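As the structure is a computational prediction, the values presented were derived from the model and not from experiment.
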Amino acid sequence: MQATLMIYDGTAAPDADIPRTGGVPLAPEGFIWPLCGDFCGGPMQFFAHLPVEYGVLSVFLCQNDPGACELWDATSGANRVFLFPPAGLVPVAVPEKGVTLLPAVSAIKTQVVTLEPDQDDGDELPPDAYDLARSGWEREPGEWFGKQREVLGSLGGSPSYLEDDRLPRCPSCSGATEFAAHLEEGIDRQTAMNLGGQLGYVFVCRPCSVGAFLTD
């Protein structure tokens with residue numbers, strides 16, 4: 001059992017074409033900054049730039065009025081996921097109004113973690129690769145947990161402890177989506193996205209080049 005963890009790797013330029021949270025989005029020329037489709041109608045906050053083998057995932061959430069706009073719901077309109085091509089992306093002009101940018105940029109490095117059967121926690125639930133890998137990241141002998149706050153999420157695999165009835169459909173074609181990434185709030189308060197203390201889940205529909213986001 002393996003998990004590809006996303007690990008905090010210091011800061012980066014706001015327009016760096018590397019895995020990161022924060023900074024400014026990179027998108028094809030002519031891309032229009034998404035607006036919240038839930039309560040406020042304002043520009044969303046850019047969360048993550050995630051290059052993957054099939055393109056670049058770009059994640060936005062509404063933070064203009066936390067609690068009023070239901071960013072945790074994949075169908076609320078308070079979040080957007082885009083799948084861009086891997087080349088030809090340019091920095092997007094940031095709207096003058098609204099809560100649009102995180103206060104810091106967090107660079108991400110990936111680390112494949114292989115979990116041995118004896119690392120299972122003995123719970124009645126089936127072992128969850130992401131949960132085990134995150135809790136054990138750089139854990140010293142005799143400690144219960146490692147440096148969990150350094151883990152900013154994971155790429156690929158399966159959604160951690162998410163019930164089947166919460167798996168989102170594509171907002172464009174209504175077809176099934178595939179799981180793409182977990183996203184944690186951040187390494188500290190300065191860099192964190194407000195997810196209400198929950199875990200973020202990114203899904204994508206490759207044919208439509210869009211996706212869905214929810215928290216749980």
A side-chain contact here means heavy atoms from C-beta on lying under 4.5 Å apart; do [X] and [Y] qualify?
| X | Y | answer |
| --- | --- | --- |
| Phe60 | Pro25 | yes |
| Thr114 | Gln2 | yes |
| Thr177 | Cys170 | yes |
| Leu26 | Asp15 | yes |
| Ser160 | Leu199 | yes |
| Cys62 | Asp38 | no |
| Arg166 | Tyr201 | no |
| Pro168 | Phe213 | no |

Grab the two heavy atoms, one from [X] and one from [Y], that are nearest each other, plus how far apart they are.
| X | Y | value |
| --- | --- | --- |
| Ser106 | Leu152 | CB-CD1, 4.1 Å |
| Trp33 | Met44 | NE1-O, 2.8 Å |
| Cys40 | Cys69 | N-SG, 3.4 Å |
| Asp128 | Pro159 | OD1-O, 4.4 Å |
| Ala48 | Leu183 | CB-CD1, 4.1 Å |
| Ser76 | Ala78 | OG-N, 3.1 Å |

Working note: Thr215 + Gln198, criterion side chain to side chain donor-acceptor pair (under 3.5 Å); need CA distance, chi angles, decisive distance, verdict. CA-CA 6 Å; Thr215 69; Gln198 295 190 311; 2.8 Å; yes
Go through the steps for Phe47 and Val202 under the test side-chain contact (heavy atoms from CB on, under 4.5 Å), then give the verdict. CA-CA 11 Å; Phe47 188 6; Val202 181; over 6 Å; no
Could you tell me whether Asp164 atom CG has more than 12 heavy atoms of other residues or ligands within 6.0 Å of it?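 Open.
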CZ/Phe39: more than 12 non-hydrogen atoms of other groups inside 6.0 Å: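 No, because the 6.0 Å sphere around CZ of Phe39 holds 12 heavy atoms or fewer from other groups.
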Examine [X] and [Y] and state if one hydrophobic cluster contains both, with Ile, Leu, Val, Met, Phe, Trp and Tyr joined whenever side-chain heavy atoms are less than 4.5 Å apart.
| X | Y | value |
| --- | --- | --- |
| Val105 | Val94 | no |
| Leu214 | Tyr130 | yes |
| Leu57 | Leu61 | yes |
| Ile108 | Tyr54 | yes |
| Val92 | Leu89 | yes |

Nearest 0.5 Å please: distance from the [atom1] atom of [X] over to the [atom2] atom of [Y].
| X | Y | atom1 | atom2 | value |
| --- | --- | --- | --- | --- |
| Asn64 | Thr100 | CG | OG1 | 8.5 Å |
| Arg20 | Thr11 | CZ | OG1 | 12.0 Å |
| Met193 | Leu102 | CE | CG | 4.5 Å |
| Met1 | Leu132 | CE | CG | 5.0 Å |
| Asp131 | Tyr161 | CG | OH | 4.5 Å |

Quick one: does any side-chain atom of [X] pair with a main-chain N or O of [Y] as donor and acceptor, under 3.5 Å?
| X | Y | value |
| --- | --- | --- |
| Arg80 | Ser58 | no |
| Glu185 | Leu195 | yes |
| Trp72 | Asp216 | no |
| Arg149 | Gly186 | yes |
| Asn79 | Asp73 | yes |

Passing option when Met6 is tested against Leu50, Val151, Thr21 for side-chain contact (heavy atoms from CB on, under 4.5 Å):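 One option only clears the test, and that one is Leu50.
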Phe179/His182 aromatic ring centres below 6.0 Å: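 Yes, they do, as the ring centres are separated by less than 6.0 Å.
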Quick one: do Gln63 and Leu71 satisfy side-chain contact (heavy atoms from CB on, under 4.5 Å)? Show the steps, please. CA-CA 8 Å; Gln63 293 288 343; Leu71 65 86; 3.4 Å; yes
Run the numbers on Val113 and Leu115 for side-chain contact (heavy atoms from CB on, under 4.5 Å), then give the verdict. CA-CA 6 Å; Val113 176; Leu115 302 159; 4.1 Å; yes
Does the pair Glu184 and Gln148 meet the rule for a side-chain contact (heavy atoms from CB on, under 4.5 Å), with working shown? CA-CA 10 Å; Glu184 300 285 351; Gln148 295 188 38; over 6 Å; no
